[in-house]
Amino acid sequence: MATLHIVRQSAYNTDDFAQCLQVLNTNDVIVFIDDGCYNLQHSLLNTIESSKNIQLQVITQHASARAVSINDAIFTKITMDDLVSLTFENDRVITWQ
Amino acid sequence: MADTLIKSLALLNTKAPYSNTAGKDALDIALIFGSFEQKVSLFFQGDGVWQLMAGQNGSIISVKDYLKTFAAFEFYDIDTIYVCQTSLTQRNLPANFHIEQVQVLNQQAFAQQLTLHQTILRF
């Protein structure tokens, strides 16, 4: 019973990402796309409890277009096709934009 | 007699490059003023600092990369470009820009520099 969270805004600009973290449940998946890629080094990430087993993923092209480096230890690199299959694998999808 | 402020325009950029046209709009106005030899300065604050980061490539996400046009600044005599140090630190970004002559100012100096301009447009 997991939720896919699609984050499209920079947390330096809006509090969408902060709100997303407030409704996070165990085994949820967060995908950063578009301006969400600016969150890859945001301090909010440290507030995610590891016990919740949250998967953090990012669209590789969107990050590299913005010259944002991806830390492979924390984030899984995916493509738009992977994002489509993720929407099927999870029970519901919330887009934070 | 207070030294009258020469007519000068400050463009305050606060948005990231690709997801909206704010950066592109500000660039257009900067080049228009430059082509009429008006004094214009560029300020980058908040998410706007991302417009200056080196290594970006809009074509990867099939977006027309207006950032490349920043290289034209010297032809338009636009050489007063300021970026806010606090915004860089918050985003832990190095001062690694894709154009030269960018002056990194601390928050107070940044604010002070802004007041030297008669007209300020924020994007």
Side-chain angles (χ1 to χ4, degrees), chain A residues 5-21 30-48 56-84 86 94-97, chain B residues 12-27 43-71 83-100 102 104 106-107 110 122-123:
Chain A
H5 302 271
I6 299 178
V7 174
R8 296 190 67 209
Q9 295 286 355
S10 148
Y12 299 100
N13 210 6
T14 69
D15 54 7
D16 296 7
F17 184 41
Q19 287 168 21
C20 164
L21 296 180
I30 302 178
V31 171
F32 298 100
I33 76 175
D34 297 328
D35 273 12
C37 298
Y38 291 128
N39 299 321
L40 296 194
Q41 290 175 4
H42 195 281
S43 53
L44 274 175
L45 287 168
N46 312 329
T47 65
I48 302 176
L56 299 178
Q57 306 189 12
V58 57
I59 304 276
T60 319
Q61 286 194 325
H62 292 192
S64 53
R66 292 168 170 79
V68 167
S69 57
I70 302 172
N71 177 349
D72 289 313
I74 304 172
F75 302 96
T76 312
K77 295 180 179 169
I78 63 171
T79 64
M80 288 301 269
D81 299 341
D82 301 326
L83 179 59
V84 171
L86 273 173
I94 307 177
T95 302
W96 299 89
Q97 60 184 353
Chain B
L12 182 53
N13 289 285
T14 63
K15 299 290 185 296
Y18 293 130
S19 292
N20 56 43
T21 63
K24 176 78 171 68
D25 298 343
L27 173 68
F43 290 77
F44 292 88
Q45 183 191 23
D47 274 7
V49 301
W50 259 306
Q51 291 187 43
L52 293 177
M53 286 303 120
Q56 297 185 75
N57 181 357
S59 55
I60 298 177
I61 48 173
S62 49
V63 166
K64 185 180 181 310
D65 203 338
Y66 74 94
L67 294 176
K68 291 192 172 56
T69 322
F70 280 32
V83 69
C84 170
Q85 173 63 56
T86 314
S87 305
L88 287 175
T89 323
Q90 275 168 353
R91 290 158 183 76
N92 42 58
L93 290 171
N96 169 19
F97 307 124
H98 61 87
I99 50 172
E100 281 88 30
V102 178
V104 182
N106 65 45
Q107 197 154 336
F110 186 87
R122 179 176 181 272
F123 288 86

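Residue numbering restarts at 1 for every chain, and letters A, B, ... go by the order of the sequence lines. Computed from a prediction, not measured in an experiment: that's the story for all the values here. Values reported hereafter were calculated over all heavy atoms of this structure, with side chains retained and with hydrogens, waters and symmetry mates removed.
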Review point. Should the heavy atoms of other residues, nucleotides or ligands under 6.0 Å from CD of Gln19(A) be counted, would the total exceed 12?
Key: yes
Exercise for review: Report yes or no: is the cationic atom of Arg91(B) (NZ for Lys, CZ for Arg) closer than 6.0 Å to the six-membered ring centre of Tyr12(A), at no more than 45° off its axis?
Suggested key: yes
Revision key, fill the gap. Separation between CD1 (Ile59(A)) and CD1 (Ile60(B)), nearest 0.5 Å, reads 13.5 Å
Revision key, fill the gap. Answer key: most heavy-atom pairs under 4.5 Å with chain A among Asn57(B), Asp47(B), Leu93(B) is Asp47(B)
Review point. Within residues 61-73 of chain A, which positions have a heavy-atom distance to chain B below 4.5 Å?
Key: Gln61(A), His62(A), Ser64(A), Ala65(A), Arg66(A), Ala67(A)
Practice item. Could you walk me through whether Lys15(B) and Asn13(A) pass the side chain to side chain contact (heavy atoms under 4.5 Å, CB included) test, one step at a time? Key: CA-CA 8 Å; Lys15(B) 299 290 185 296; Asn13(A) 210 6; 4.2 Å; yes
Check your understanding: For chain A, which residues of residues 18-26 of chain B have at least one non-hydrogen atom nearer than 4.5 Å to it?
Key -> Tyr18(B), Ser19(B)
